[in-house]
Visitor: 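Below are the structure tokens for one structure; questions will follow.
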Protein chains: 2
Amino acid sequence: MQKKYLNIYHDLVKKIEMNVWPAATKIPSENELSKIYATSRETIRKALNLLSQSGYIQKIRGKGSVIIGVNKFDFPVSGIISFKELTANLNLKAKTWVEELSLKDIDDEEIAGLKEPGHDNVWKVVRAREISGEKIILDKDYFSTKYVPSLSQKVCEDSIYDYLENELELVIGFARKEIVVEEPTEEDRQLLDLEGFSNVAVIKSQVYLADASLFQYTESRHRPDKFRFVDFARRIKN
Amino acid sequence: MQKKYLNIYHDLVKKIEMNVWPAATKIPSENELSKIYATSRETIRKALNLLSQSGYIQKIRGKGSVIIGVNKFDFPVSGIISFKELTANLNLKAKTWVEELSLKDIDDEEIAGLKEPGHDNVWKVVRAREISGEKIILDKDYFSTKYVPSLSQKVCEDSIYDYLENELELVIGFARKEIVVEEPTEEDRQLLDLEGFSNVAVIKSQVYLADASLFQYTESRHRPDKFRFVDFARRIKN
DNA sequence: TGCAAGAACATGTATATACAAGTTATAATA
DNA sequence: TATTATAACTTGTATATACATGTTCTTGCA
């Protein structure tokens, strides 16, 4: 199927990012948009609700939908996005060092959920990320072998998510992320250019497929001066 | 108006948190729910979409909606929530020290958006938060005097958000949050029990009303060992 | 018995209608 | 002219219908 509302959403995102409607101005009304896209008002509303959730617009009853323009030149870390997508969006020169790619049986609390009957081994991938000549991020990924039967050095150097979604055709659903500040481990000190910093910012993520099965655990360990996490949140009224 | 779908959403949240449906089990189907609540399927779907957005359920096509149960005993920091709501949810014994409450004309980049013609002054509120006998959070709030004409010591000791929403009847819309790690300022060292930590985790928030006008800027400065931020994210497919 | 087709049921998408409720511009009135 | 009432337009909620598409169970056939 075509999924009109998704097409309309992506088209509107493109227009917003091309500044067709500057920040704080109104986009066309739902009725106008339904004429423009030759569809029903309900379909337009589905697209607009997506825009609202992702922080592009604010809907104001009786008035219209205004462009928020707060995500504009920003670090889009909230949400689920791969390192490759991230650096591409921001036009960053980045380099990835694959420090480890192994298949092992790990006894760890965070990893436990990745094991399934007949799949005791998990993939462990350790990658250092270099930006502007400095190694400032250490990504430690663990994948369930049930959903990711094979993995290659080449894939890890390029983009694992691209491989998962386009080759293995896994459908990523949602993630639970936790941000904490920790003391650097010996591994952090060896693999990163920590320059004497006494803390690292860590994003720990559990990533689930669309059928709600856990398939990945990740620790993304950042040098604190280069760490930045941006979030968009709405107040749920009662 | 009654807003059926919101009532149904809150009722289902309550049931989920009371463990009526354990994690990884299915809730009743949309058709069953529409009979239970004596409403249309579309209204049920609006409630379920809210549950899905807030990370309570995962909808699986053809199968049903399963309880995720990942937010269960968790630190609900993502989203917009007041310190009082937070500590109440977690049953924490907390104490607030109002260190400053003043009205002044501040020339600062982050504050600039709070000023409006005829309202050059902004409220500045500095509060230290004590949990389990340790001062570990320093909240620095700035409010636009256009939307918050008056503010009292008593309100700051209790809950500013409660005052804003229930007394002033302001409707909070959305917020842009940024998490970074910084070196402690002299103020941090004086007002918090930093115990030699050489970093603080900082959440910088710009909070907007439902009509998209900026009315608050906040810096919430946390001792790194006590800092934790939990986020729920969905992958937006293309 | 084993497999396959189909029925029954699940969620997803698209459309239509009706009315509620907030905002703004217009027109009528004092 | 100034104020008020109204009309026109905005988004929000509730409902109904139809069909698409994915999953599961049952039935019937080989």
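The sequence lines fix the lettering, A, B, ..., with proteins before strands; numbering per chain opens at 1.
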Visitor: Can you name the residues that form a salt bridge (Lys or Arg N to Asp or Glu O under 4.0 Å) with Asp108(B), not counting sequence neighbours?
Guide: none

Visitor: From the options dT11(D), dA14(C), dT11(C), select the nucleotide whose nearest atom is closest to the side chain of Glu42(B).
Guide: dA14(C)

Visitor: Of all the choices, dA14(C), dT11(C), dT11(D), which nucleotide is nearest to the side chain of Lys46(A) once you look at every atom?
Guide: dA14(C)

Visitor: Pick the closest DNA chain D nucleotide for Lys26(B) and for Ala38(B) by heavy atoms, then say which residue is nearer the 5' end.
Guide: Ala38(B)

Visitor: What is the distance from NZ of Lys4(A) to P of dC19(D), rounded to the nearest Å?
Guide: 16 Å

Visitor: Within 45 degrees of the ring normal and closer than 6.0 Å to the centroid, is that where the cationic atom of Arg129(A) sits relative to Phe83(A)?
Guide: yes

Visitor: 5'-most contact on DNA chain C: Lys59(B) or Ile60(A), nearest heavy atom basis?
Guide: Lys59(B)

Visitor: Check whether any side-chain nitrogen or oxygen of Thr43(A) sits under 4.0 Å from OP1 or OP2 of dT15(C), and answer yes or no.
Guide: yes

Visitor: Nearest whole Å is fine: how far is dA16(C) P from Asn31(A) CG?
Guide: 12 Å

Visitor: When you measure from the side chain of Lys63(B), which nucleotide among dT24(D), dA14(C), dA10(C) comes out closest?
Guide: dT24(D)

Visitor: Write down the distance between CD (Gln2(B)) and C1' (dT15(D)), rounded to a whole number of angstrom.
Guide: 17 Å

Visitor: Can you see if the side chain of Tyr5(A) gets near the phosphate of dT13(C) - specifically, an N or O under 4.0 Å from OP1 or OP2?
Guide: yes

Visitor: Do the side chains of Lys84(B) and Asp162(B) get close enough for a salt bridge, i.e. N-O under 4.0 angstrom?
Guide: no

Visitor: Indicate whether OP1 or OP2 belonging to dT15(C) is found under 4.0 Å from a side-chain N or O atom of Thr39(A).
Guide: yes

Visitor: Could you tell me whether the phosphate oxygens of dA20(D), OP1 or OP2, come under 4.0 Å of any side-chain nitrogen or oxygen in Lys3(A)?
Guide: no

Visitor: Rounded to whole angstroms, how far apart are CD on Gln58(B) and C1' on dT11(C)?
Guide: 12 Å

Visitor: Between Ile44(A) (CD1) and dT13(C) (P), how many Å, whole number?
Guide: 15 Å

Visitor: Can you tell me the distance, in whole Å, between the CG atom of Leu50(B) and the P atom of dG12(D)?
Guide: 13 Å

Visitor: Give the nucleotide from the list dT15(C), dT11(D), dT13(C) with an atom nearest to the side chain of Arg41(B).
Guide: dT13(C)

Visitor: Can you tell me how far C1' of dT10(D) sits from CG of Leu33(A), to the nearest Å?
Guide: 12 Å

Visitor: Considering residues at least two apart in sequence or located in another chain, which fulfil the side-chain hydrogen bond (donor to acceptor under 3.5 Å, both in side chains) criterion with Ser102(A)?
Guide: Glu100(A)

Visitor: Distance check: side-chain N/O of Ser29(B) vs OP1/OP2 of dA10(C), anything under 4.0 Å?
Guide: yes

Visitor: What is the distance from CD1 of Ile27(A) to C1' of dT10(D), rounded to the nearest Å?
Guide: 12 Å

Visitor: Side chains of Lys59(A) and Leu48(A), heavy atoms from C-beta outward: is any pair under 4.5 Å?
Guide: yes

Visitor: When you check the phosphate oxygens OP1 and OP2 of dT11(C), does a side-chain N or O of Arg45(B) lie under 4.0 Å from one of them?
Guide: no

